[in-house]
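This report refers to the structure that appears directly beneath it.
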There are 2 protein chains.
Amino acid sequence: MATGRTHRPATRSRGIPEATVARLPLYLRALTALSERSVPTVSSEELAAAAGVNSAKLRKDFSYLGSYGTRGVGYDVEYLVYQISRELGLTQDWPVVIVGIGNLGAALANYGGFASRGFRVAALIDADPAMAGKPVAGMPVQHTDDLEKIIEENGVSIGVIATPAGAAQQVSERLIAAGVTSILNFAPTVLQVPEGVDVRKVDLSIELQILAFHEQRKAGEETGAAAEAPVSGAGASAAAGAGTGAGGTGAAPAAAVEPPAGRGAATARKNGPEGDVPAVMPA
Amino acid sequence: MATGRTHRPATRSRGIPEATVARLPLYLRALTALSERSVPTVSSEELAAAAGVNSAKLRKDFSYLGSYGTRGVGYDVEYLVYQISRELGLTQDWPVVIVGIGNLGAALANYGGFASRGFRVAALIDADPAMAGKPVAGMPVQHTDDLEKIIEENGVSIGVIATPAGAAQQVSERLIAAGVTSILNFAPTVLQVPEGVDVRKVDLSIELQILAFHEQRKAGEETGAAAEAPVSGAGASAAAGAGTGAGGTGAAPAAAVEPPAGRGAATARKNGPEGDVPAVMPA
DNA sequence: TATTGTGAAGAGATTCACAGCC
DNA sequence: GGCTGTGAATCTCTTCACAATA
């Protein structure tokens, strides 16, 4: 402890943990809000609360960036905003294209928080010729035929895919071939991309399914069952805070659906984890 | 190895790791696709490829659910679809409300994959009186005043918030007070909720910022810099697969923005991680 | 022979707790 | 006295590698 500088591989190498990177935008948002209220400094405790994490984690995260705080005082808000922005690459301007201007694509194009933080919608692209030229969010939709030209002329390296699932893979290949190296994928499909290309995905139905899992567990707990059966990571069951009384029993779901119906090449079926079958039974 | 049953805390307790839960929907989607093509069985290797993970992880994940495979053969597709659905609680019907019917809310309401897997949009709610009664996705929008009534009458336990950031906290409190215990939050704000309520968030701008971070790093690597400087978790830099050539140099971003401008209670400023200041310099 | 299921090792992330500094 | 920065401990997740087995 405190014997200078030991961790961090060796020479330079930034090596910020991925988990930390994923939280930096959260801190940045909280800090921006403080900055707008002209708050000059903030402690790790306060900032952590605003960002919805605990203070030890926040301090550890910041320690990967450098020593930007003042002991006994806290962090200078403006300075930290700048440092995090720089670390995230937001001091640059990132032109972005959105491919697939349906409901979702249009919503994304209209989303304000987009432009605010270093990102700029350079073009909207759709495969439907009927869409071409129509203005969405004050910008004419362009046809997929010109995708490569648009990417190259605008120096786009980040693409957003909001097409139907069936088109996503092909769109990603064209984007990548034209020079895009980061993709934000809203289509409910797994993209296969070459090494060196980053893909992040946003999937409504996956998120809902994860919630349903936890919801089901909660329902099970009400009905007896050893209170000792939590998922490892505790989901996202948030810290206290506001809260208007925690509400009643949690509202039970409605009907059951789709029983097993052992069709197909039925071979398997062995042991479930243990005896306790919840809610719906297997067969 | 095969010496019976050692891990898992003790008595019953399901204890599926959160990371596993988060992947189950992915497996389910891949399996559903196989099922539609009437593929009877699948190996961990094939399924893993389709889901975009490696096979060891997949097998480990499935091992938490039970022994549903057949050595030398693979997994029965139909059976596994059912088991995962059950584990996720998708054999039930989950009524969901969407609050905030702007661009995004409307897009969500229209999103098909919603209804398909156990979820049903029970109501669309918006604070704008002008919206009330207007049909969106074939369903009349209802006014926020009736929120509590709607939640209770429909037994809703999952709420989706697609309001502006400013309204989200208050909406979440009303949802929770009315009985909702799981929230999917699209508003760019951290919700403070009481213990026992699960929140998952989807945030476009956070995802873009994470991509920008990796993008910036890639750009830096081109310009010399010890090739040994990866982020711990390797982001989402996907496995190989298709890929149309990995494209050119990756397109450099355009102008720089917003220098430090040391205003406010300027105190801090010490050491950055190490000497190498990239792109934009601090002061 | 092909493929699962899983201990054990390894890597990462979180939390603790306290020394160091303002 | 208050708060940061960080080693060390702990916990969780991933990967390895191979015995068990259809």
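So that the names make sense, note that chain A is the first sequence line, chain B the second, and so on, each numbered from 1. Values below: all heavy atoms of this structure, side chains included; hydrogens, waters and symmetry mates excluded. All of these numbers come straight from a predicted model, not from anything done at the bench.
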Euclidean distance, atom CZ of residue A/Phe62 to atom P of C/dT14 [Å, nearest integer]: 14 Å
Separation of D/dT4 C1' from A/Asn54 CG (nearest whole Å): 15 Å
Atom pair distance, as rounded to whole Å: CG in A/Asp61 and P in D/dT4: 14 Å
Distance in angstrom units between B/Gln83 CD and C/dG5 P, rounded: 12 Å
Interatomic distance, B/Tyr68 OH vs D/dT21 P [rounded to whole Å]: 19 Å
Identified ring pair (Phe, Tyr, Trp, His ring centres under 6.0 Å) counterpart of A/Phe62 within the set A/Tyr79, A/Tyr68, A/Tyr75: A/Tyr75
Options C/dA13, C/dT4, D/dT4, nucleotide nearest the side-chain atoms of B/Ser44: C/dT4
Separation of C/dT3 C1' from B/Leu58 CG (nearest whole Å): 12 Å
Spacing between A/Lys57 atom NZ and D/dT6 atom C1', to the nearest angstrom: 17 Å
Whether A/Gln216 side chain and B/Arg86 backbone form a donor-acceptor pair below 3.5 Å: yes
Separation of atom CZ in B/Arg71 from atom P in C/dT4, rounded to whole Å: 10 Å
Along DNA chain C (nearest heavy atom to each residue), the more 5'-positioned of A/Ala56 and B/Ala56: B/Ala56
D/dT12 OP1/OP2 closer than 4.0 Å to side-chain N/O of B/Tyr64: no
Point-to-point distance, once rounded to the nearest 0.5 Å, from CG of B/Leu58 to OG1 of B/Thr20: 10.0 Å
Heavy-atom side-chain contact between A/Trp94 and B/Leu211 under 4.5 Å: no
Closest-nucleotide ordering on DNA chain D, the 5'-leading residue of A/Lys60 and A/Gly74: A/Gly74
D/dA22 phosphate, OP1 or OP2, under 4.0 Å from B/Thr70 side-chain N/O: no
Side-chain donor-acceptor contact under 3.5 Å, A/Glu173 with A/Gln169: yes
Position toward the 5' end of DNA chain C (nearest nucleotide), B/Val73 or A/Arg59: B/Val73
